[in-house]
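Model, not experiment: these values are computed from the prediction.
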Amino acid sequence: MKKTILVTGASSGIGAAASEYLSEQGYFVVLVARNEDRLHQISEKLNGESLIIPYDLSDTEHIEDIFTKCRDNEIRLDGFVHCAGINNDIPIRANDIEVMKEVTAVNYYSFVELGKYFNKKKYSNDRASVVAISSSAAETCTKGMCTYAASKAALNAAVKVMGREFLKRYQRVNAILPTFVDTPMAVRMDDALGDLDSKVSGQPLGLIAPEQIAYLVEFLISDKSSYITGACIPVSAGAIF
């Protein structure tokens, strides 16, 4: 039977790459992101069927709407991949609480809320799998990245807790911690700070292609990783952190 996977942040970057690769491998993909037009563009690229659910994950109060729409379409999920994430580099001396709230809401709060509803029997199957796209920033704690690094560190902690709590239903939860990936977020960072090349120079294997992260996502979603849970897996491209 074809498995169904929900992917947040599916409109670009790692989320789009993961959605496309999962579809190639025969999964039914539920595409979630703010930009409906981009979701339709990604859907048209997929090999198989998909469902589009436009949703802004900064709205943490109504996240269950995503799952009720799946249920309305007679979908019970076999996994979800949390690729949605935002960054806004600010040095601590210029810290902005509202920016902290926005970044943390999307990167961390929304993941925990998604997990809360995903774990309910009416929305997911036993032995389902959850994958969170975290970041090496949680370990490197580079200057100017206090909020982003903290949100990803919190995400990693949530993955480990979920990995224990979800065992009651034999559901697995893991995270991937990449260094710099060739995504629109990396481009925006370069536009803002102009130092992407210098940062990537610390990755001997170079800027990571998003497809490489997608391959690991599919491995962790699939039965090939049936005994892996609560893990935070680095993809460093040779960087030391």
Side-chain angles (χ1 to χ4, degrees), residues 1-10 14-15 18-19 21-23 25-34 39 43 46 48-85 105-134 154-176 214 216-233:
M1 181 180 295
K2 182 179 290 189
K3 291 186 175 182
T4 301
I5 312 298
L6 185 150
V7 180
T8 69
I14 294 172
S19 298
Y21 186 65
L22 289 169
S23 181
Q25 299 306 303
Y27 295 87
F28 182 102
V29 183
V30 179
L31 305 166
V32 178
R34 290 177 295 183
L39 287 178
S43 179
L46 302 186
E49 297 177 287
S50 64
L51 172 67
I52 291 172
I53 303 179
Y55 192 86
D56 184 347
L57 288 173
S58 64
D59 177 8
T60 55
E61 293 185 13
H62 302 97
I63 278 177
E64 190 175 11
D65 290 352
I66 295 170
F67 297 93
T68 56
K69 287 179 181 177
C70 288
R71 198 178 186 199
D72 289 345
N73 284 272
E74 300 182 339
I75 290 172
R76 183 173 289 183
L77 296 164
D78 298 290
F80 93 83
V81 185
H82 186 59
C83 300
V106 174
N107 295 0
Y108 172 56
Y109 296 155
S110 70
F111 173 71
V112 176
E113 283 294 289
L114 287 160
K116 178 174 74 175
Y117 294 110
F118 177 84
N119 190 237
K120 295 181 182 295
K121 289 186 176 181
K122 63 181 177 179
Y123 296 134
S124 68
N125 292 314
D126 289 349
R127 300 187 183 277
S129 179
V130 175
V131 179
I133 303 301
S134 183
L155 177 65
N156 296 347
V159 163
K160 294 177 182 180
V161 173
M162 279 189 192
R164 292 179 181 274
E165 293 188 4
F166 286 18
L167 285 174
K168 291 181 179 179
R169 297 191 59 206
Y170 298 95
Q171 294 182 339
R172 298 179 298 106
V173 187
N174 295 288
I176 300 171
L216 182 52
V217 165
E218 195 278 329
F219 171 74
L220 291 171
I221 283 292
S222 75
D223 294 338
K224 295 188 285 287
S225 59
S226 294
Y227 294 90
I228 303 174
T229 193
C232 295
I233 302 170

Enquirer: Test your reading of the model: is there a side-chain donor-acceptor pair from Thr60 to the backbone of Leu57, 3.5 Å cut-off?
Expert: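 Here the side-chain-to-backbone pair does not exist.
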
Enquirer: I need the minimum non-hydrogen distance between Val217 and Ala18, along with the two atoms involved.
Expert: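 Heavy atoms only, the tightest pair is CG1-CB, 4.4 Å.
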
Enquirer: Which distance, rounded to the nearest 0.5 Å, do you find between the NZ of Lys69 and the CD1 of Ile52?
Expert: 11.5 Å

Enquirer: Report yes if the side chains of His82 and Leu114 come closer than 4.5 Å at any heavy-atom pair, otherwise no.
Expert: yes

Enquirer: Rounded to the nearest 0.5 Å, how far does OG of Ser226 lie from CZ of Arg172?
Expert: 5.5 Å

Enquirer: For the pair Asn125 (side chain) and Asp78 (backbone), establish whether a donor and an acceptor sit closer than 3.5 Å, ignoring hydrogens and angles.
Expert: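 Side chain of Asn125 to backbone of Asp78: no pair is present.
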
Enquirer: Can a donor-acceptor pair be found, under 3.5 Å and without considering hydrogens, that links the side chain of Thr8 to the backbone of Cys83?
Expert: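 Confirmed, Thr8 side chain pairs with Cys83 backbone.
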
Enquirer: I'd like to check Tyr117 versus Thr68 (side-chain heavy atoms, cut-off strictly below 4.5 Å). Are they in contact?
Expert: no

Enquirer: Distance-only, no hydrogens or angles: does the Ser129 side chain make a donor-acceptor pair with backbone N or O of Leu220 under 3.5 Å?
Expert: yes

Enquirer: Check this for me: Tyr109, atom OH, are more than 12 non-hydrogen atoms of other residues, nucleotides or ligands nearer than 6.0 Å?
Expert: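 No.
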
Enquirer: Donor-acceptor check, side chain of Tyr55 to backbone of Ile66, threshold 3.5 angstrom: yes or no?
Expert: no

Enquirer: Between Ile221 and Tyr27, is there a side-chain heavy-atom distance shorter than 4.5 Å?
Expert: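 Yes. Closest side-chain heavy atoms under 4.5 Å.
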
Enquirer: Could you tell me whether a side-chain N or O of Arg127 sits under 3.5 Å from a main-chain N or O of Tyr170, the two making a donor and an acceptor?
Expert: no

Enquirer: Is there side-chain contact between Arg34 and Pro54, with at least one heavy-atom pair below 4.5 Å?
Expert: no

Enquirer: Considering only NZ, NE, NH1 and NH2 on the basic side and carboxylate oxygens on the acidic side, decide whether Asp223 and Lys3 come within less than 4.0 Å.
Expert: yes

Enquirer: Does the side chain of Leu22 come within less than 4.5 Å of Val7's, by heavy atoms?
Expert: yes

Enquirer: Might you point out which heavy atoms bring Tyr108 and Ala158 nearest each other, and give the distance in Å?
Expert: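 Closest heavy-atom pair between Tyr108 and Ala158: CE1-CB, 3.8 Å.
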
Enquirer: How about Lys121: does its NZ atom have over 12 heavy atoms from other parts shown lying under 6.0 Å from it?
Expert: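 Counting neighbours around NZ of Lys121, 12 or fewer heavy atoms of other residues, nucleotides or ligands fall under 6.0 Å, so no.
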
Enquirer: Taking all non-hydrogen atoms of both residues into account, name the closest pair between Ala175 and Ser134 and its distance.
Expert: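 Shortest heavy-atom contact: CB-CB, 4.4 Å.
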
Enquirer: With a 3.5 Å distance limit and no angle check, can you tell me whether Asn107 reaches the backbone of Leu155 through a side-chain donor-acceptor pair?
Expert: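 No, Asn107 side chain to Leu155 backbone: no donor-acceptor pair under 3.5 Å.
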
Enquirer: Tell me if the CZ atom of Arg76 is crowded by more than 12 foreign heavy atoms within 6.0 Å.
Expert: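 Yes.
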
Enquirer: Return the minimal non-hydrogen interatomic distance between Lys160 and Cys232, and the atom names on each side.
Expert: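 Result for this residue pair: CE-SG, 3.9 Å.
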
Enquirer: Are the side chains of Val131 and Phe80 in touch, meaning some heavy atoms are under 4.5 Å apart?
Expert: no

Enquirer: Main chain of Gly48, side chain of Ser23: is a donor-acceptor contact present, judged purely on distance under 3.5 Å?
Expert: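 Yes, the answer is positive, given that a donor and an acceptor are paired below the 3.5 Å cut-off.
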
Enquirer: When you measure from the side chain of Asn73 to the backbone N and O of Ile75, does any donor-acceptor pair fall under 3.5 Å?
Expert: no

Enquirer: Between Ser124 (side chain only) and Phe118 (backbone N and O only), is there a donor and an acceptor less than 3.5 Å apart?
Expert: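 Pair found, side chain donor or acceptor close to backbone of Phe118.
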
Enquirer: Looking only at non-hydrogen atoms, find the nearest pair between Ser19 and Gly15 and report the distance.
Expert: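 Minimum heavy-atom contact is OG-O, 2.8 Å.
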
Enquirer: Kindly write out the residues that satisfy side-chain contact (heavy atoms from CB on, under 4.5 Å) with Arg71, not counting sequence neighbours, or none if the list is empty.
Expert: Lys122, Tyr123

Enquirer: Take atom CZ in Arg169; do more than 12 heavy atoms of anything else shown fall under 6.0 Å from it?
Expert: yes

Enquirer: Counting C-beta onward and ignoring hydrogens, is there a side-chain heavy-atom pair between His62 and Asp65 closer than 4.5 Å?
Expert: yes

Enquirer: If you round to the nearest 0.5 Å, how far is CG of Asn174 from CG of Asn156?
Expert: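 Asn156 atom CG to Asn174 atom CG measures 11.5 Å (nearest 0.5 Å).
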
Enquirer: Under the salt bridge (charged side-chain N to carboxylate O under 4.0 Å, His left out) rule, collect the residues that match up with Lys116, sequence neighbours excluded.
Expert: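 For Lys116, the residues satisfying salt bridge (charged side-chain N to carboxylate O under 4.0 Å, His left out) (neighbours in sequence not counted) are Glu113.
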
Enquirer: In Å, rounded to the nearest 0.5 Å, how long is the span from CZ of Phe219 to CD1 of Ile228?
Expert: 4.0 Å

Enquirer: Of all heavy-atom pairs between Cys70 and Leu6, which one has the smallest distance, and what is that distance?
Expert: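 Residues Cys70 and Leu6, closest heavy atoms: SG-CD1, 4.2 Å.
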
Enquirer: Run the side-chain hydrogen bond (donor to acceptor under 3.5 Å, both in side chains) check on Asp126 and Gln171 step by step: do they pass?
Expert: CA-CA 6 Å; Asp126 289 349; Gln171 294 182 339; 5.3 Å; no

Enquirer: Quick one: are Leu31 and Ser43 in side-chain contact, heavy atoms under 4.5 Å?
Expert: yes

Enquirer: Of the options Ile133, Ile63, Val130, which is the one that meets Phe111 in a side-chain contact (heavy atoms from CB on, under 4.5 Å)?
Expert: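 Among Ile133, Ile63, Val130, the one that satisfies the side-chain contact (heavy atoms from CB on, under 4.5 Å) with Phe111 is Val130.
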
Enquirer: What's the separation between atom CG in Leu39 and atom CD1 in Ile53, rounded to the nearest 0.5 Å?
Expert: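 It is 9.5 Å, given to the nearest 0.5 Å.
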
